[in-house]
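Have a look at the structure below before the remarks.
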Amino acid sequence: MSITKAALDNNRVTAVALLVILIVGLGAYRDMPQSEDPGFIIRVALVITYFPGASPERVEQLVTDRLEEAIQEIPELEYISSESKTGVSVIYVHILESYTEMRPIYDDLRRKVDRVRPDLPDGVIGPIVNDEFGDVFGIIVALTGEGYTYAELKEVADDVRNELLLLSETAKVEIQGAQEERVFVEYNNAQLAEFRLSPLQLAQILDTHNIIIPGGDVTTAAERIVLEPTGNFESVEDLRRS
């Protein structure tokens, strides 16, 4: 008996079956998760090590190979790819697709790398484990303010960042383009010579005035008073008066 003939002979059963399939399909479509920017997992971490002045061959022998031997002990590892260039080693650690919880794996990676750290040559900077290699940003917000200083804009940006982090959908917020605050000291060479000071001595004097050191404490029967030495620069005016 053909399926078509059976469906036509039992048309009522066929209609009910089609109706059930339609209702189930509509319900599944309604409950289907939808997202404009669906999330995805990047299963790649970077291990970067700097070895200033070393040739690619020495970087590979003394840094890359030793790190790869330790990283290969991770059971979730799929494969490793690496680049050994002049003064720098970059190792790409690829994790198996079957794993979705990456934090314990990256913690294990850091432990493996830290174990090798004492065996690396002197002068090596790192290794640095970058497990945010695959981070992407869904929204970029620009902050402008005519008439405001860079420091004031940075304060507003920090407040906006703190508010955005309170949102449950926000995983990470980074501030880009913030200007570092710097103070430039201008001096008169002739006047400096009258005091028999060199520019280096002037810089050392300023450094010694802005060191935070413990001042001890005084304990009484009722309280403990912490002493804090004065003389630190709290503003540009303090630096100018010094």
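Quick note: residue numbers are just sequence positions, from 1.
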Verdict with supporting geometry, Val59 and Val88, side chain to side chain contact (heavy atoms under 4.5 Å, CB included)
CA-CA 7 Å; Val59 171; Val88 63; over 6 Å; no

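- Clustering ILVMFWY residues whenever any of their side-chain heavy atoms sit less than 4.5 angstrom apart, transitively, puts Val173 in the very cluster that holds Leu167.
- Separation of atoms CD (Glu78) and CD1 (Ile95) is listed at 8.5 Å; rounding is to 0.5 Å.
- Exactly one of Val113, Asp107, Asp114 qualifies for a side-chain contact (heavy atoms from CB on, under 4.5 Å) with Val129. That residue is Val113.
- Judged by distance alone, the side chain of Glu152 and the main-chain N or O of Thr149 form a donor-acceptor pair under 3.5 Å.
- Of all non-hydrogen atoms in Leu96 and Pro75, the two that sit nearest each other are CD1-O, 4.5 Å.
- Remark: Glu101 CD to Arg103 CZ distance equals 8.5 Å, nearest 0.5 Å.
- Hydrophobic clustering keeps Leu143 apart from Tyr150 (ILVMFWY residues linked when any side-chain heavy atoms are closer than 4.5 Å, directly or through intermediates).
- Side-chain contact between Leu67 and Pro127: present, with at least one pair of heavy atoms (C-beta onward) separated by less than 4.5 Å.
- Of all heavy-atom pairs between Glu223 and Ile225, the closest is OE2-CD1, 3.9 Å.
- Without hydrogens or angle criteria, Arg66 side chain to Asp119 main chain gives a donor-acceptor distance under 3.5 Å.
- Residues Ile105 and Tyr99 meet the side-chain proximity criterion, which asks for heavy atoms closer than 4.5 Å.
- We find the CD1-CG distance between Ile91 and Asn130 to be 13.5 Å, quoted to the nearest 0.5 Å.
- For the pair His94/Leu77, no side-chain contact is recorded, criterion being any heavy-atom separation below 4.5 Å from C-beta on.
- Proximity of a side-chain donor or acceptor of Arg161 to a complementary backbone N or O of Glu174 within less than 3.5 Å is not detected.
- Taking hydrophobic clusters as Ile, Leu, Val, Met, Phe, Trp and Tyr residues chained together by side-chain heavy-atom distances below 4.5 Å, Leu164 does not share a cluster with Leu153.
- In this structure, OG in Ser55 is found 8.0 Å from CD in Gln61, a value given to the nearest 0.5 Å.
- With a 6.0 Å radius and a threshold of 12 heavy atoms from other residues, nucleotides or ligands, Arg43 has its CZ atom above the threshold.
- Closest of all the heavy-atom pairs between Leu197 and Gln201 is CA-OE1, 3.3 Å.
- Using a 4.0 Å cut-off between a side-chain N of Lys or Arg and a carboxylate O of Asp or Glu, Arg111 and Glu73 do not qualify as a salt bridge.
- Residues Ile128 and Tyr50 approach most closely at CD1-CE1, 4.2 Å, considering heavy atoms.
- Between atom CD1 of residue Ile71 and atom CZ of residue Arg115 there is a gap of 10.5 Å, rounded to the nearest 0.5 Å.
- Side chain of Asp108 to backbone of Pro104: no donor-acceptor contact under 3.5 angstrom is found.
- Note that the OG atom of Ser82 and the CG atom of Leu46 stand 11.0 Å from one another [nearest 0.5 Å].
- Under 3.5 Å, the side chains of Ser89 and Thr64 contain a donor-acceptor pair of N or O atoms.
- When all heavy atoms are compared, the tightest approach of Leu120 to Leu62 is CD2-O, 3.7 Å.
- Across Leu192 and Ser198, no two heavy atoms sit closer than the pair CD2-C, 3.9 Å.
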